[in-house]
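Residues take their numbers from the sequence shown, with the count starting at 1.
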Amino acid sequence: MADTQTFLRDRCLTVLNLPEKGRSLFTSRDFRPGEVILRQEPYVSVPNNNSSESRCDGCFKTDGLKKCSGCQVVWYCGSSCQKSEWKLHRHECKALCRLEKEKRMLVTPTIRLMVKLYLKRNFQNEKVIPITTTDDYSLVEALVSHMPELDEKQLMLYAQMANLVNLILQFPGIDLKEIAENFSKFSCNAHSICDSELRPEGIGLFPLVSIINHSCSPNAVLVFEEKMAVVRAMDNISKDSEVTISYIETAGSTLTRQKSLKEQYLFHCHCARCSNIGKPHDIEESAILEGYRCANEKCSGFLLRDPDEKGFVCQKCMLLRSKEEVKKLAGDVKTVIAKAPASPSAENKQDAIALYKTLEKRQEKLYHSFSITLMRTREKLLKMLMEVESWREALSYCKLIVLVYQRVYPATHPLIGLQFYTQGKLEWLLGQTEEAVSSLIKAYDILRISHGTSTPFMKDLSAKLDEARAEASYKLLALEDGN
């Protein structure tokens, strides 16, 4: 770890061991919002290929793909990516070909990630692939696995997965227990590699980034530039402060977040936000995000359980909502959810939109206007409306969603910026140029912090903003000339 500490020290960072957290990343100077704290290429990575979509193994793109003629599992967009991946894949290809073709098609991205991990480790040991400070299997060895905390069912699953990896690789003297432990490390340390709009494209192992601990109120954000992990400051981070990112979706009650962290990452969060559990503000926030609305449609109050167990009482107007009424409405919602397709096909898209609108109306009667459940339904509606090019209706949902995002996420969260970006594009498309300029400015001001300013995505956003400004100025001049 001496080389790693030197590498980090040159970037004004250091690793400290904290009693309840273990390894933690700290700053040795101030960082401003938008500043890059750390960059790392993946030690290993694979795309999220499935039956409906395939991606290039090198760049994760989806266009112009051709299958590897050997294993028939891996895809490439062209000779450049194939050459860059060939040193590893020619051995992976041989290994995958040991399986029957039908079984090869069932190899998951996680299994492939493990196969590539062991191939790369062996090649680095044999000096076929160079070892660098940030590209070294010893960094993987240093990751926490949480194996002692796993239940028997999970241990059995990892053992079965280890046997499959062994069947594929057939390395002499391979340690099955070590493979199982590495699967546990993947669960706690691997990251979803997302595009600039935070859509998952693959998974990768970034051992240095994995040193960074979680907070439900993080001061940094992890994004990806192609496959490169980039950690940027979201707030002003003062010298000698711990750098934190969020491992989970932070829009939710403290109990929901704690449950998610315990199930996926096997720890209990003690961040400033979680330490408020049970306090008045935390109770109010939980009731708003995951609770019921007041029976009075004009009231914006939140409900808490009635001490007499008769129902739920609005904390603003004190109106009681009976358990029977809530139960009936919840049943109505459940009935519609049972009919709603999770991934509607192109043929029944309009039917799915109508069904989700029915669901939305029933949820509006049951949940608070800032409800996460209602927000998720509107996100699905927005996506479907965009797909059927119903732009005006999509814009109305976009505006509803951004209001909730601004409530549940910190001001510089990229999801808020991306929502304003979508809103701006829709407004521009509909001829609302001045509104589009305003939305695109808000998007740029947020996303330059999380995404920087030099990526193709941000350059495209900047160009759209300049074009919209020019169009708005032209319209204003034309209006003045007309008057």
Side-chain angles (χ1 to χ4, degrees), residues 32-36 192-201 217-226 228 230-236 245-246 249-251 370 372 375-376 378-387 389-476:
R32 300 185 310 276
E35 260 195 284
V36 173
S192 287
I193 299 173
C194 300
D195 67 7
S196 296
E197 297 187 53
L198 305 187
R199 294 172 297 208
E201 294 184 326
S217 299
N219 55 19
V221 62
L222 171 63
V223 294
F224 294 88
E225 295 175 5
E226 294 184 346
M228 168 90 75
V230 183
V231 179
R232 287 190 176 90
M234 287 178 72
D235 304 317
N236 285 305
I245 58 175
S246 174
E249 167 60 83
T250 56
F370 287 112
I372 300 298
M375 180 185 82
R376 298 295 179 217
R378 286 173 173 164
E379 286 173 339
K380 287 176 182 174
L381 275 165
L382 172 60
K383 184 175 183 291
M384 288 188 286
L385 289 165
M386 296 280 281
E387 288 169 350
E389 300 183 2
S390 183
W391 308 127
R392 198 168 298 280
E393 207 172 358
L395 177 58
S396 67
Y397 277 99
C398 199
K399 290 179 178 180
L400 287 171
I401 292 166
V402 81
L403 289 172
V404 185
Y405 279 10
Q406 288 176 304
R407 171 66 188 256
V408 300
Y409 296 119
T412 54
H413 197 290
L415 278 176
I416 301 176
L418 290 168
Q419 197 69 8
F420 273 122
Y421 184 38
T422 301
Q423 183 173 317
K425 288 189 290 184
L426 287 168
E427 287 165 336
W428 195 9
L429 185 68
L430 293 166
Q432 302 171 20
T433 316
E434 287 186 21
E435 292 88 343
V437 170
S438 175
S439 296
L440 291 173
I441 288 171
K442 290 173 184 175
Y444 187 85
D445 286 346
I446 293 170
L447 294 173
R448 68 181 175 82
I449 293 172
S450 58
H451 288 56
T453 56
S454 60
T455 61
F457 173 77
M458 287 303 293
K459 286 178 180 177
D460 183 57
L461 169 52
S462 181
K464 279 186 172 66
L465 177 55
D466 289 342
E467 196 177 340
R469 277 175 167 154
E471 188 177 306
S473 298
Y474 175 79
K475 283 185 174 180
L476 184 62

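Within a 6.0 Å sphere centred on CD of Glu434, other residues, nucleotides and ligands contribute 12 heavy atoms or fewer.
Separating the CD atom in Glu226 from the OG1 atom in Thr455 is a distance of 10.5 Å, to the nearest 0.5 Å. Expressed to the nearest 0.5 Å, how far CD of Gln406 lies from CD1 of Ile416 amounts to 6.0 Å. Atom CD1 of Ile449 and atom CG of Asp235 lie 8.5 Å apart (nearest 0.5 Å). The CG atom of Leu415 sits 9.5 Å away from atom OG of Ser450, with the distance rounded to the nearest 0.5 Å. Atoms CG and CG, from Leu395 and Leu385 in turn, are 11.0 Å apart once rounded to the nearest 0.5 Å. Here the CD-CG distance, from Glu197 to Leu418, works out to 6.0 Å after rounding to the nearest 0.5 Å.
Residues Trp428 and Glu471 have side chains that bring a donor and an acceptor to within less than 3.5 angstrom of each other.
Closest approach of Thr433 and Ala472 over heavy atoms only: CG2-N, 3.6 Å. The two residues Val402 and Lys399 come nearest to each other via the heavy atoms CG1-O, 3.3 Å. Taking each heavy atom of Ala394 and Met386 in turn, the nearest pair found is CB-SD, 3.9 Å. Of all the heavy atoms in Lys475 and Gly431, the pair that sits closest is NZ-O, 3.2 Å. Shortest non-hydrogen contact noted between Ser246 and Thr250 is OG-CG2, 3.0 Å. Looking at every heavy atom in both residues, Leu403 comes nearest to Phe370 through O-CE2, 3.8 Å.
A 4.5 Å side-chain heavy-atom check between Pro414 and Ile446 finds every atom pair outside the cut-off. Using a 4.5 Å heavy-atom cutoff, the side chains of Arg378 and Leu382 are not in contact. With a 4.5 Å cut-off on side-chain heavy atoms, Ile372 and Arg376 count as touching. Contact annotation: the side chain of Pro33 never approaches that of Thr412 to less than 4.5 Å [non-hydrogen atoms, C-beta and beyond].
In this structure a side-chain-to-backbone donor-acceptor pair under 3.5 Å is missing from Ser462 to Met458.
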Practice task
Give the C-alpha distance, both sets of side-chain angles, the deciding distance and a yes or no for side-chain contact (heavy atoms from CB on, under 4.5 Å) between Val36 and Arg232.
Solution key: CA-CA 4 Å; Val36 173; Arg232 287 190 176 90; 3.7 Å; yes
Practice task
Mind running side-chain contact (heavy atoms from CB on, under 4.5 Å) on Tyr397 and Thr422 for me, showing each step along the way?
Solution key: CA-CA 11 Å; Tyr397 277 99; Thr422 301; over 6 Å; no
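With respect to Glu379 and Lys383, no salt bridge is recorded, no charged nitrogen being found less than 4.0 Å from a carboxylate O.
Under the 30°/60° scheme for interplanar angles, the aromatic rings of His451 and Phe457 are found to be tilted.
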Atom pairs and distances, side-chain donor-acceptor, residues 438-445, under 3.5 Å, sequence neighbours left out:
{"unit_1": "Ser439", "atom_1": "OG", "unit_2": "Gln423", "atom_2": "NE2", "d": "3.3"}
{"unit_1": "Ser439", "atom_1": "OG", "unit_2": "Glu427", "atom_2": "OE1", "d": "2.7"}
{"unit_1": "Ser439", "atom_1": "OG", "unit_2": "Glu435", "atom_2": "O", "d": "3.2"}

